[in-house]
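Data block below; observations after.
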Amino acid sequence: MAAPKVAVVGAGVIGLSTALCIAETCPSCSVMVLSDQFSPNTTSDIAAGMLIPHTYPGTPMHVQKQWFKETFTYLFAISNSAEASEAGIHLVSGWQVFKNTPKEELPFWSDVVLGFRPMSEAELQKFPQHRFGQAFTTLKCDCPPYLLWLEKRLKATGVQMYTRKVADLWELHSEYNIVVNCAGIGAHQLVGDEKLFPVRGQVLKVHAPWVKNFIRDGDGLTYIYPGIHRVTLGGTREKESWSLSPDPGATKGIFDRCCSLEPSLRGAQDIKVKVGLRPSRQCVRLQREVLSQGGVKLPVVHNYGHGAGGFSVHRGTAKEAARLVGECIAALQGSSLRAKL
Ligand code: FAD
């Protein structure tokens, strides 16, 4: 069989990292990224990019932990290299604070991040409305720099990228041997997945270079995530809302909530409002499927539905998707061998 041609649909953090893992694990493959939007116009560009996992109720916990660990290890190595600032990857320390002590004092990812510990009484004095807290150091991906870095890596490995809206995965069957679906919320229409729904998120990106530590309210709604150039203030979570228009009331609410956690933010400047749709699902859809019409088959690997935690697990899910692509190639090679006999 000639070099397999693989099309990856989608150029957010999931599509780009999946294409990179496929190119790394299968150098003989010809990989192409097809997407109707590239950075800076994807949901991934809106994200804060913090490595604090979101929980997928339909995915076994040990699998989620493995994805997070692989992603953390991969990005930690980048943060410790000369490429760190170009890739937009950096370590950031801070606090997750709770008004009431949570039932689960040790989250499943506590031994993956660095230096996880309960906050001291002295630290808690910074947050008079909160009674309990956790201090740790994690990683943050600044977007779009990280997406641009992934694109650069892809080009260096020979992966080509084309602007194209795919109406139906089957339309790719005559050009490609394998299709990988990383369309994020676009998969709702592309493959008619009714289990996939948007969770609208509005954030503010502000200039406040004196804010060096992250602060996250344990309810997950209010957060302050400092990046290399801008601080992300969040947020909102509106299930089933498809609106990409900023809501001025939400902007004021986010700003006030963040200022109550970090009063110095009242001096923040150049406030930009961004809205994105988290591609949410009970579990990430990471599986093989074979489409078939009139005896012709097209192997597909799905990798979408990362909800609020795509950055936190992207490398782990990309590795698994690349492994599934490897299985598809082995199956194709097996059937072409059988056809020759
Ligand atoms: P996307 O980035 O949406 O990419 C999908 C791609 O598919 C796009 O390029 C799109 O153009 C393309 N596409 C779609 N349909 C088609 C089609 N029919 N044909 C061709 N191309 C198509 N996660 C974290 O881990 N940490 C955070 O701190 C964090 N903060 C967030 C804050 C906000 C406000 C939001 C909204 C999300 C946040 N997330 C965070 C979640 C994270 O952004 C997502 O999980 C992640 O971006 C999903 O990536 P994706 O590549 O699947 O989707």
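Start at 1 and go down the list; that is how both ligands and their atoms are numbered.
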message: List ligand 1 atoms under 4.0 Å from I14, heavy atoms only on the residue side.
response: 49 (O), 50 (P), 51 (O), 52 (O)
message: If you take the nearest heavy atom of each of K140, R278, R216, which one is closest to atom 35 (C) of ligand 1?
response: R278
- prompt: Relative to atom 16 (C) of ligand 1, which among T163, T71, D36 owns the nearest non-hydrogen atom?
  reply: D36
- request: Mind running ring pair (Phe, Tyr, Trp, His ring centres under 6.0 Å) on F136 and F214 for me, showing each step along the way?
  value: CA-CA 10 Å; F136 55 95; F214 77 79; 5.0 Å; yes
field: Heteroatom distance test (G10, ligand 1): nitrogen or oxygen, under 3.5 angstrom
entry: no
- line: Note: ligand 1 atoms sitting under 4.0 Å from heavy atoms of M50 are 24 (C), 25 (O), 26 (N), 27 (C), 28 (O)
query: Taking 4.0 angstrom as the limit, do R257 and D217 come out as a salt bridge?
result: no
- line: Any heavy atom of A308 under 4.0 Å from ligand 1? The part involved is backbone
message: Checking contacts here: is it the side chain or the backbone of C182 that comes within 4.0 Å of ligand 1, counting heavy atoms only? Could be both or neither.
response: backbone
Side chains of E121 and Q125, donor plus acceptor under 3.5 Å: no
task: May I ask you to list the atoms of ligand 1 that are less than 4.0 angstrom from any heavy atom of T43?
output: 1 (P), 2 (O), 3 (O)
task: Compute the shortest N/O to N/O distance between Q37 and ligand 1 and return yes if it is under 3.5 Å, no if not.
output: yes
- line: Counting from 1 in the order shown, the ligand 1 atoms closer than 4.0 Å to a non-hydrogen atom of V13 are 49 (O), 51 (O)
- prompt: Backbone, side chain, both or neither: what part of R164 comes under 4.0 angstrom of ligand 1, heavy atoms only?
  reply: backbone
- prompt: When you measure from atom 38 (C) of ligand 1 to each heavy atom in G12, G201, A47, A11, which option holds the nearest one?
  reply: A47
query: Hey, is the main chain of E123 close enough, under 3.5 Å, to the side chain of S120 for a donor-acceptor pair?
result: yes
task: Report yes if L277 has an N/O atom closer than 3.5 Å to an N/O atom of ligand 1; otherwise report no.
output: no
- prompt: Would you say the side-chain atoms of R230 pair up with the backbone N or O of K205, donor to acceptor, closer than 3.5 Å?
  reply: yes
field: Nitrogen or oxygen of A48 less than 3.5 angstrom from that of ligand 1
entry: yes
- prompt: Using heavy atoms and a threshold below 4.0 Å, how should the contact between V203 and ligand 1 be classified: side chain, backbone, both, or neither?
  reply: side chain
- request: Answer with side chain, backbone, both or neither: which part of V9 has a heavy atom less than 4.0 angstrom from an atom of ligand 1?
  value: side chain
query: Of S35, C141, G49, which has the heavy atom at the shortest distance from atom 12 (C) of ligand 1?
result: S35
Pair E262-S264, side-chain donor/acceptor within less than 3.5 Å: yes
